[in-house]
There are 2 protein chains.
Amino acid sequence: MSSSSRRSSRSPATVGGDLRVALTRISRRLRAERGEADLPEGQFGILTVLHKHGEMSPGSLAEHERVRPPSMTRAVNTLVELGLVEKVEHATDKRQVVVRLTTAGEREVAETRRRRDAWLTKQLSTLTVEEREILAGANELLIRIAAR
Amino acid sequence: MSSSSRRSSRSPATVGGDLRVALTRISRRLRAERGEADLPEGQFGILTVLHKHGEMSPGSLAEHERVRPPSMTRAVNTLVELGLVEKVEHATDKRQVVVRLTTAGEREVAETRRRRDAWLTKQLSTLTVEEREILAGANELLIRIAAR
DNA sequence: CACGTACCGTTAGCAAGGCTAATGATCTAG
DNA sequence: CTAGATCATTAGCCTTGCTAACGGTACGTG
């Protein structure tokens with residue numbers, strides 16, 4: 001049974017229900033795959049945001065990651081203890097704090113990403129080019145939807 | 001900017017990295033959308049498994065949901081307190097327990113699913129038919145991958 | 001200049017939900 | 001009949017989310 005042709009149920013409601021199930025399953029599967037050595041998903045997320053967008057305040061990070069400020073404070077502190085980020089004071093506003101990656105943090109982003117994505121990448125490499133196209137397209141749609 | 005044509009990076013590794021980000025974001029977004037009244041994702045998952053596969057032991061449920069047995073015991077007990085499932089003794093093996101949906105549980109599956117999917121369904125209804133095709137295709141691929 | 005208000009990050013404390021280790025009951029092979 | 005395996009549970013820990021409340025800083029207005 002292939003994936004695309006005859007299939008009558010493409011209504012928003014049907015796709016939505018199926019999609020939720022798929023997302024829950026794959027999330028758990030990914031979490032299960034994460035090695036002992038790796039950072040928890042959320043902390044790794046913070047590193048990648050900093051890597052991508054540069055230094056940032058805890059507040060912005062919290063908003064970006066859809067988490068409340070106190071949660072972000074704690075996560076950032078953990079990363080500070082691990083030596084992966086550092087907090088420096090804001091140039092003009094002493095209320096604010098600037099969080100940025102250390103060199104160790106930069107290295108960690110690269111290494112962890114490689115290690116972490118190994119399983120998923122392996123799975124994807126068993127798919128056809130067309131199937132990967134589908135997932136790549138889905139990525140963009142999901143990101144778009146998540147942004148609202 | 002459309003979603004499918006010019007874009008050179010379709011390697012397993014690239015898609016994998018992007019996909020992980022997309023999955024994390026949408027999961028958080030979905031969780032944020034879950035109303036106060038709804039069951040937590042995990043508990044709802046148990047109900048749907050029972051609805052789909054019929055009565056089951058806690059052990060099988062744990063395996064199916066990729067969770068350790070003690071975690072499942074606790075989750076099931078919560079559902080028992082809510083009156084959504086019941087535990088009955090196994091016909092021949094007194095070590096085992098059989099978990100099954102109550103009538104209230106059956107009703108809850110239908111109602112919660114409808115309520116819960118409302119937000120996602122609404123988002124999907126703003127997409128084009130082609131985009132929904134992509135997500136529907138992605139569903140199947142993700143389920144397949146998650147099954148390994 | 002001074003003072004009230006708003007903003008930013010943090011601290012304190014709670015809840016959910018995952019885990020491991022250890023226990024108790026039951027089953028089954030020998 | 002006994003020893004080991006299997007199943008669920010209990011106990012206790014850890015992570016990570018939240019809200020409420022606080023302390024310091026910035027800034028507009030009188």
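The structure displayed is predicted, hence computed values, not measured ones. Below, read A as the first sequence line, B as the second, and so on, with proteins coming before strands; counting in each chain starts at 1.
Comparing atom distances between the A:Val97 side chain and each of C:dG17, C:dG18, C:dG9 picks out C:dG9 as nearest.
Counting non-hydrogen atoms of neighbouring residues, nucleotides and ligands closer than 6.0 angstrom, the CD atom of A:Glu63 reaches no more than 12 such neighbours. Around CD of B:Glu111, the count of heavy atoms belonging to other residues, nucleotides or ligands within 6.0 Å exceeds 12.
Closest non-hydrogen pair, B:Gly137 versus A:Ile134, comes out as C-CG2, 3.9 Å.
When the side-chain nitrogen and oxygen atoms of A:Thr73 are compared with OP1 and OP2 of C:dT10, one or more of them lie within a distance under 4.0 Å.
For DNA chain C, the neighbouring residues in residues 52-60 of chain A, judged by any heavy atom under 4.0 Å, are A:Ser57, A:Pro58, A:Gly59. In the region residues 78-89 of chain A, proximity to DNA chain C at under 4.0 angstrom, judged on heavy atoms, holds for A:Lys87.
Think of the region where chain B sits on DNA chain D: with heavy atoms and a 4.0 Å cut, that region ends 5' and 3' at D:dT6 to D:dT10.
Taking atom CZ of A:Arg68 as the reference point, atom P of C:dC8 lies 14 Å away to the nearest angstrom. Between A:Asn77 atom CG and C:dT10 atom C1' there is a gap of 9 Å when expressed in whole angstrom units. Rounded to a whole Å, the CZ atom of B:Arg66 is 18 Å from the C1' atom of C:dG17.
Hydrophobic cluster membership differs between A:Val85 and A:Val98, with clusters built from Ile, Leu, Val, Met, Phe, Trp and Tyr side chains linked at under 4.5 angstrom.
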Each nucleotide N or O in nucleotides 21-26 of chain C that has a protein N or O under 3.5 Å away: list the pair and distance.
none

Test log, rule side-chain contact (heavy atoms from CB on, under 4.5 Å), inputs A:Leu135 and A:Leu127: CA-CA 10 Å; A:Leu135 288 179; A:Leu127 301 181; 3.8 Å; yes

Candidate pair B:Asn77 and B:Lys87, rule side-chain contact (heavy atoms from CB on, under 4.5 Å), full reasoning: CA-CA 9 Å; B:Asn77 283 343; B:Lys87 291 175 173 179; 2.6 Å; yes

Worked check of side-chain contact (heavy atoms from CB on, under 4.5 Å) between B:Ile46 and B:Met72: CA-CA 9 Å; B:Ile46 296 170; B:Met72 185 53 68; 3.5 Å; yes

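Annotation: side chain of A:Ile145 is not in contact with side chain of B:Thr126 (no heavy-atom distance under 4.5 Å). In this structure the side chain of A:Val109 never reaches within 4.5 angstrom of the side chain of A:Leu50, judged on heavy atoms.
Among residues two or more places apart in sequence or in another chain, the side chain to side chain contact (heavy atoms under 4.5 Å, CB included) test is passed with A:Gln43 by A:Leu39, A:Pro40, A:Thr78, A:Leu79, A:Leu82.
For the salt bridge (Lys or Arg N to Asp or Glu O under 4.0 Å) condition, the pairs that include at least one residue of residues 96-106 of chain B, sequence neighbours left out, are B:Glu55-B:Arg100, B:Glu86-B:Arg100.
Using a 4.0 Å heavy-atom cutoff across all strands shown, A:Glu65 reaches no nucleic acid atom at all.
Formation of a donor-acceptor pair under 3.5 Å by the A:Thr102 side chain with backbone atoms of A:Leu84 is found in this model.
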